[in-house]
Protein chains: 2
Amino acid sequence: MSDSCPSSRYHHGDLPGALRRAAWDMVGEAGVRGLSLRECARRAGVSHAAPAHHFGSLEGLLIEVAADGYERMAVIMDEEIERAGDRLPGCGLGYIRFATTHPQQFRLMLGTDRGAGESPRLREAASAALGRLREAIRDAWIARHGQSPDDVFLEERTALAWSAAHGYALLSIDRQLLTTSLPSAWRVLSPLIETLLRP
Amino acid sequence: MSDSCPSSRYHHGDLPGALRRAAWDMVGEAGVRGLSLRECARRAGVSHAAPAHHFGSLEGLLIEVAADGYERMAVIMDEEIERAGDRLPGCGLGYIRFATTHPQQFRLMLGTDRGAGESPRLREAASAALGRLREAIRDAWIARHGQSPDDVFLEERTALAWSAAHGYALLSIDRQLLTTSLPSAWRVLSPLIETLLRP
DNA sequence: TGGGTGACTTGACAGTGTCAAGATTCAGTC
DNA sequence: GACTGAATCTTGACACTGTCAAGTCACCCA
């Protein structure tokens with residue numbers, strides 16, 4: 001059963017999933033502004049009003065697609081952690097790799113505003129990505145200092161690491177806007193590792 | 001002559017400026033998705049097709065409004081530099097202050113994509129903001145080491161500083177999404193100053 | 001097997017972006 | 001002062017959009 005060929009006329013079978021995949025593809029092709037509910041419905045093979053039953057509105061679909069993005073990001077972060085063999089740089093580089101390979105979707109993810117707080121799935125997915133970074137810092141700290149850092153201190157270092165990775169990711173995707181020659185992620189961010197692990 | 005009261009029926013007097021101010025206000029009120037060309041035209045007191053003559057399309061208006069954003073950001077960075085008495089933290093804190101006081105406009109600024117590279121005014125405005133940070137790092141380096149840093153090295157440190165400030169700014173405005181308790185900008189970012197100035 | 005709910009379809013409405021044709025205003029030249 | 005051309009609009013049209021309401025079909029459970 002494909003996305004655009006429903007199992008029956010009034011019962012798609014997996015319409016929410018098909019709509020989210022269609023939205024993901026359209027954002028990748030044409031950016032957030034190029035996304036429309038009706039075109040998603042066409043690609044899923046249903047009528048224009050079908051999505052409302054599952055997502056309420058276009059805004060509702062966008063929020064769920066942003067949550068999808070964080071879940072996909074977590075997968076790439078895990079891959080990069082495994083490839084790098086070192087969790088802390090693996091997390092950061094995975095984050096950046098996701099953003100540079102999915103620039104338009106990445107923009108959607110950080111473009112969602114107040115309504116996004118209402119989605120438990122989005123909150124969880126975003127927190128999970130942040131949690132990987134927090135765990136990586138905690139483990140690196142324990143390896144260096146023999147004991148766990150203070151919770152408040154850990155939050156500060158996590159915020160610093162996330163900020164730097166996030167900001168660098170945006171520099172990468174906005175490169176025509178800000179600079180024509182951006183130094184590599186490693187060269188820019190590796191000095192930060194020492195900072196994160198110093199009391 | 002106000003924005004919505006043209007000096008004559010077929011000659012507004014400053015229509016481009018009025019449209020950009022209307023767009024700025026609408027983005028602030030309802031986010032990028034809440035902006036429409038026709039509503040901007042209504043607020044400026046002209047017909048729906050008038051903006052096309054100045055901006056070509058909605059996309060063209062968005063790009064110019066993003067450039068406005070960077071110019072306003074530069075003003076706030078300069079104010080914060082003066083208030084802090086120290087350029088490097090002043091730049092960073094000014095950047096963050098702008099983002100947290102204009103979250104929706106800030107999102108517009110980083111939401112612009114490929115077409116934005118075409119606007120010399122946007123490129124210049126964005127580069128000027130980045131240039132302030134580069135100058136602040138260079139000056140702080142000279143104060144510490146007695147001579148200017150290598151250009152490549154300076155670009156790396158500038159990218160690191162921008163990334164961290166930018167990332168923290170986004171954490172601030174997305175706070176319902178990622179965390180309910182974000183440590184202050186100073187506590188998160190001040191360890192970075194030492195990193196920026198170490199060879 | 002029937003009923004209730006879920007999952008759609010159809011149709012309508014208001015708003016949008018953009019384009020084309022036309023009207024008005026301004027500025028420069030003679 | 002009149003004329004001309006360009007700038008700056010207005011009007012109208014079209015296609016697309018999001019959302020809502022009413023109706024139809026499919027599925028599942030008692």
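Model, not experiment: these values are computed from the prediction. Numbers restart at 1 for each chain; the letters A, B, ... are given by sequence-line order, proteins then strands.
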Peer 1: Mind checking what makes side-chain hydrogen bond (donor to acceptor under 3.5 Å, both in side chains) contact with B:Arg87, not counting sequence neighbours?
Peer 2: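 Listed in chain order: B:Asp139.
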
Peer 1: Report the distance from atom NE2 of A:His11 to atom P of C:dT5, rounded to the nearest whole Å.
Peer 2: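 In whole Å, C:dT5 P and A:His11 NE2 are 18 Å from each other.
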
Peer 1: I want to check a possible cation-pi pair here: B:Arg72 against B:Trp24, using under 6.0 Å from ring centre and within 45° of the ring axis as the test.
Peer 2: yes

Peer 1: Looking at A:His53, I'd like to know whether one of its side-chain N or O atoms comes within less than 4.0 Å of OP1 or OP2 on C:dA7.
Peer 2: yes

Peer 1: Do the side-chain N or O atoms of B:Arg9 get closer than 4.0 angstrom to the phosphate oxygens (OP1, OP2) of C:dC26?
Peer 2: no

Peer 1: With A:Arg9, which residues qualify under salt bridge (Lys or Arg N to Asp or Glu O under 4.0 Å), at least two apart?
Peer 2: none

Peer 1: Round to the nearest Å and state the distance from A:Asp14 atom CG to D:dA26 atom P.
Peer 2: 19 Å

Peer 1: Less than 6.0 Å separating the ring centroids of B:Phe153 and B:Trp141?
Peer 2: yes

Peer 1: Just the atom pairs and distances: protein N or O near nucleotides 1-3 of chain D's N or O, under 3.5 Å.
Peer 2:
none

Peer 1: For the pair made of NE2 in B:His12 and C1' in D:dT8, what is the distance, rounded to whole Å?
Peer 2: 12 Å

Peer 1: Could you work out, with side-chain hydrogen bond (donor to acceptor under 3.5 Å, both in side chains) as the rule, every residue matching B:Glu29, not counting sequence neighbours?
Peer 2: B:Arg43

Peer 1: Walk along nucleotides 16-22 of chain C from 5' to 3' and tag each nucleotide B, S or - by protein heavy-atom contact under 4.0 Å, base first, then sugar-phosphate.
Peer 2: BBBBB-B

Peer 1: Who passes side-chain hydrogen bond (donor to acceptor under 3.5 Å, both in side chains) against B:Arg144, sequence neighbours left out?
Peer 2: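 side-chain hydrogen bond (donor to acceptor under 3.5 Å, both in side chains) check on B:Arg144 returns B:Glu194.
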
Peer 1: Keeping the roles fixed (side chain from A:Arg107, backbone from A:Val32), state whether a donor-acceptor pair exists under 3.5 Å.
Peer 2: no

Peer 1: Parallel under 30°, tilted from 30 to 60°, perpendicular over 60°: which one fits the rings of B:Phe106 and B:His166?
Peer 2: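 Geometry flag for B:His166 against B:Phe106: tilted rings.
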
